[in-house]
Number of protein chains: 2
Amino acid sequence: MAAQRGQRGGVGGDTPPAPTAAEITTPIPRVADVPAARERARAVPEAAVARLAVYLRVLSAMQEQGAVTVSSEELSAAAGVNSAKLRKDLSYIGSYGTRGVGYEVTVLIEEIERILGLTRKHSVAVVGIGNLGHALANYGGFPGRGFPVSALFDVDPDLVGVPVGGIAVHHIDDIPRVCSEREVSIGVIATPPPAAQTVCDRLVEAGVQCILNFAPVVLQVPDHVEVRKVDLAVELQVLSFHVARRADDAAATGGRQVNGMVVS
Amino acid sequence: MAAQRGQRGGVGGDTPPAPTAAEITTPIPRVADVPAARERARAVPEAAVARLAVYLRVLSAMQEQGAVTVSSEELSAAAGVNSAKLRKDLSYIGSYGTRGVGYEVTVLIEEIERILGLTRKHSVAVVGIGNLGHALANYGGFPGRGFPVSALFDVDPDLVGVPVGGIAVHHIDDIPRVCSEREVSIGVIATPPPAAQTVCDRLVEAGVQCILNFAPVVLQVPDHVEVRKVDLAVELQVLSFHVARRADDAAATGGRQVNGMVVS
DNA sequence: TAATGTGAAGGGGTTCACAGCC
DNA sequence: GGCTGTGAACCCCTTCACATTA
């Protein structure tokens, strides 16, 4: 068992991990025709992967508005990064731009989707149908599609059998069976903290290799399981830190305050 | 207006930002007695701040179980990081350990709380009382206390006046007035994407300087406003990327698959 | 001419390894 | 002897700046 790496806790902010490339054993190609682009995927930095997802969303919005071409300048502005970073990120997945012109929107969308593995459906199981679990289940076919919620679990016998967002809730004892049957590839943990590790163990037992953890707990998982964490308390505390820093600066420089916080 | 930096979006994962230290104008101490530790706070790396919040949670749990002292080895294991990183993180806030012994739990808790600004209450406003907003409002005095939810907002006239988690919902037009009255320091955006920027602008107008954004939108804010993002779609797509990478490795090395994913 | 793609420089953060102190 | 605190090496990522190409 190894503790999850990083924190990406990042609900947003957080500071991410960077799964050591060294962990990945050298591949010994045996099957013919592994596309070269896939080979390259291995080299995309974790930080860039997260941004590719953002670019993809921006590109989809642009496409809906009829855009055919974008320059790195336009796209980067819309995504909130600088253009050099955008170009570097795109260069990790290949050369799909035209010098002097820009990128074709549809081409970029296709390539990013391919690299992110979005050409395939990823069934999601949500465990813990409290307030948050309810909200997650009702996203109904998670953000951006491609992530159908196909199983719900809870310990509460009163909840078992009740449909939430169109799907019946199962008991957590059935995690292994149901997850295997429905080929769940991503488990979402939205339980109270004390239950999180147990639930996690069952998901792993069921063959789930990716976990999105909303419980404020550091999960212990085998090396082959990928965990990402969304930690509300951490997010708020990081913001709190910034408020405090500003207050200190104000105390030191004599700035004005509004809402207990420093202005300018 | 500047686009938010980084993405910490990371719901967890994601890869965070790192608000350039260069942005912070050099402080010119004018008020006497600014504690030295506060001076140092400015130097704590963003990544370390997020981890300090995690250490704090682990320490609190240890304290409840009666622990008086911890070594860096114990604490780091519980927090899922290596011990050198933990010690380095703690060194940013001062030297509160005893060589040959370890750290006093209560001392560490106090110091981390102080650095994170948790000795002060931070009122939270939640905007957008849909599924997610509901869940957030019902956390009732947010995770870990110190973050009382003191205002709720929505556009829907049918929701205005209705109490959620014990607090009446206001119309978003009242954001400036109510946020000022209640000294809101953190705004949480849980609206649909199209409304997010408008809501953000009003929060900024109301003097809110920290925003936690759950809407899948890149917010444009003035430089003095701190934004952290929790982006579910990005988190799922990053996990999807890892599933895809594994599948590629398997195709290349001839591994077995379970639930459409590669084992070992 | 205009904008991509990228080597190289620069900066942050992580890890190592050991000096310092109890 | 044991564990903290930290300089220094290392590594990843970001940023710069320009050669390259349509």
Side-chain angles (χ1 to χ4, degrees), chain A residues 3 5-10 13-24 40 42-52 55 69-77 79-105 107-108 111, chain B residues 3 5-8 10 14-24 40 42-52 55 69-77 79-105 107-108 111:
Chain A
R5 25 227 182 290
Q7 94 105 333
R8 207 19 173 70
D14 178 337
T15 304
T20 47
E23 277 175 20
I24 303 158
R40 219 182 279 129
R42 198 165 289 103
V44 183
E46 183 87 359
V49 171
R51 285 190 299 268
L52 285 173
Y55 305 153
T69 286
V70 269
S71 67
S72 63
E73 210 62 56
E74 295 169 306
L75 183 51
S76 66
V81 303
N82 83 29
S83 65
K85 190 190 284 186
L86 172 91
R87 289 198 300 279
K88 174 81 46 173
D89 286 345
L90 293 181
S91 79
Y92 293 129
I93 67 173
S95 295
Y96 302 107
T98 307
R99 291 165 199 247
V101 180
Y103 303 88
E104 227 176 295
V105 174
V107 171
L108 229 42
E111 294 303 328
Chain B
R5 26 228 184 287
Q7 93 106 334
R8 194 21 95 99
D14 173 1
T15 303
T20 48
E23 277 174 21
I24 303 159
R40 220 183 277 123
R42 198 165 289 104
V44 183
E46 183 87 359
V49 171
R51 285 190 300 266
L52 284 172
Y55 305 153
T69 286
V70 267
S71 67
S72 62
E73 209 63 56
E74 294 169 307
L75 183 51
S76 66
V81 304
N82 82 31
S83 66
K85 189 189 284 187
L86 172 91
R87 289 198 302 275
K88 174 74 67 171
D89 286 344
L90 293 181
S91 78
Y92 293 129
I93 67 174
S95 295
Y96 303 107
T98 307
R99 291 164 199 249
V101 180
Y103 304 87
E104 227 174 295
V105 174
V107 171
L108 228 43
E111 294 302 329

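Letters A, B, ... are given to chains in the order of the sequence lines, protein chains preceding strands, and every chain is numbered from 1.
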OP1 or OP2 of C:dG5 sitting under 4.0 Å from any side-chain N/O of A:Y103?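 Checking C:dG5 against A:Y103, a side-chain N or O does come within under 4.0 Å of OP1 or OP2.
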Can you find a side chain N or O atom of A:S72 that sits less than 4.0 Å from OP1 or OP2 on C:dA3?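 For C:dA3, neither OP1 nor OP2 has a side-chain N or O of A:S72 closer than 4.0 Å.
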From [atom1] ([X]) to [atom2] ([Y]), nearest 0.5 Å:
{"X": "B:K88", "Y": "B:S72", "atom1": "NZ", "atom2": "OG", "result": "13.5 Å"}
{"X": "A:Y103", "Y": "A:L90", "atom1": "OH", "atom2": "CG", "result": "5.0 Å"}
{"X": "A:L108", "Y": "A:I93", "atom1": "CG", "atom2": "CD1", "result": "6.0 Å"}

Nearest-nucleotide pick for [X], side chain only, options being [options]:
{"X": "B:S91", "options": "D:dG5, D:dA8, C:dT6", "value": "D:dG5"}
{"X": "A:S71", "options": "D:dT4, C:dA3, D:dT6", "value": "C:dA3"}
{"X": "A:R87", "options": "C:dC18, D:dC16, C:dT6", "value": "C:dT6"}

Just how far, in rounded Å, is [atom2] of [N] from [atom1] of [X]?
{"X": "A:L86", "N": "C:dA3", "atom1": "CG", "atom2": "C1'", "answer": "12 Å"}
{"X": "A:K85", "N": "C:dG10", "atom1": "NZ", "atom2": "C1'", "answer": "14 Å"}
{"X": "A:Y55", "N": "C:dT4", "atom1": "OH", "atom2": "P", "answer": "13 Å"}
{"X": "A:I93", "N": "C:dT6", "atom1": "CD1", "atom2": "P", "answer": "12 Å"}
{"X": "B:K88", "N": "D:dG7", "atom1": "NZ", "atom2": "C1'", "answer": "7 Å"}
{"X": "B:E46", "N": "C:dT14", "atom1": "CD", "atom2": "C1'", "answer": "16 Å"}
{"X": "A:Y92", "N": "C:dG5", "atom1": "OH", "atom2": "P", "answer": "14 Å"}
{"X": "B:E104", "N": "D:dT4", "atom1": "CD", "atom2": "P", "answer": "13 Å"}

Using the side chain to side chain contact (heavy atoms under 4.5 Å, CB included) criterion, which residues pair with B:T69? Sequence neighbours excluded.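 Checked B:T69 against side chain to side chain contact (heavy atoms under 4.5 Å, CB included); matches are B:V101.
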Going by side chain to side chain contact (heavy atoms under 4.5 Å, CB included), name the residues that satisfy it together with B:S71, two or more places apart in sequence or in a different chain.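 Residues passing side chain to side chain contact (heavy atoms under 4.5 Å, CB included) with B:S71: B:E73, B:E74.
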So which protein nitrogen or oxygen atoms get under 3.5 Å of nucleotides 20-22 of chain D's nitrogens or oxygens?
residue	atom	partner	partner atom	Å
D:dT20	O2	A:R99	NH1	2.5
D:dT21	O4'	A:R99	NE	3.4

side-chain hydrogen bond (donor to acceptor under 3.5 Å, both in side chains) partners for A:S76, two or more places apart: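 Scan of A:S76 (side-chain hydrogen bond (donor to acceptor under 3.5 Å, both in side chains), adjacent residues dropped) gives none.
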side-chain hydrogen bond (donor to acceptor under 3.5 Å, both in side chains) partners for A:Y55, two or more places apart: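 Checked A:Y55 against side-chain hydrogen bond (donor to acceptor under 3.5 Å, both in side chains); matches are A:D89.
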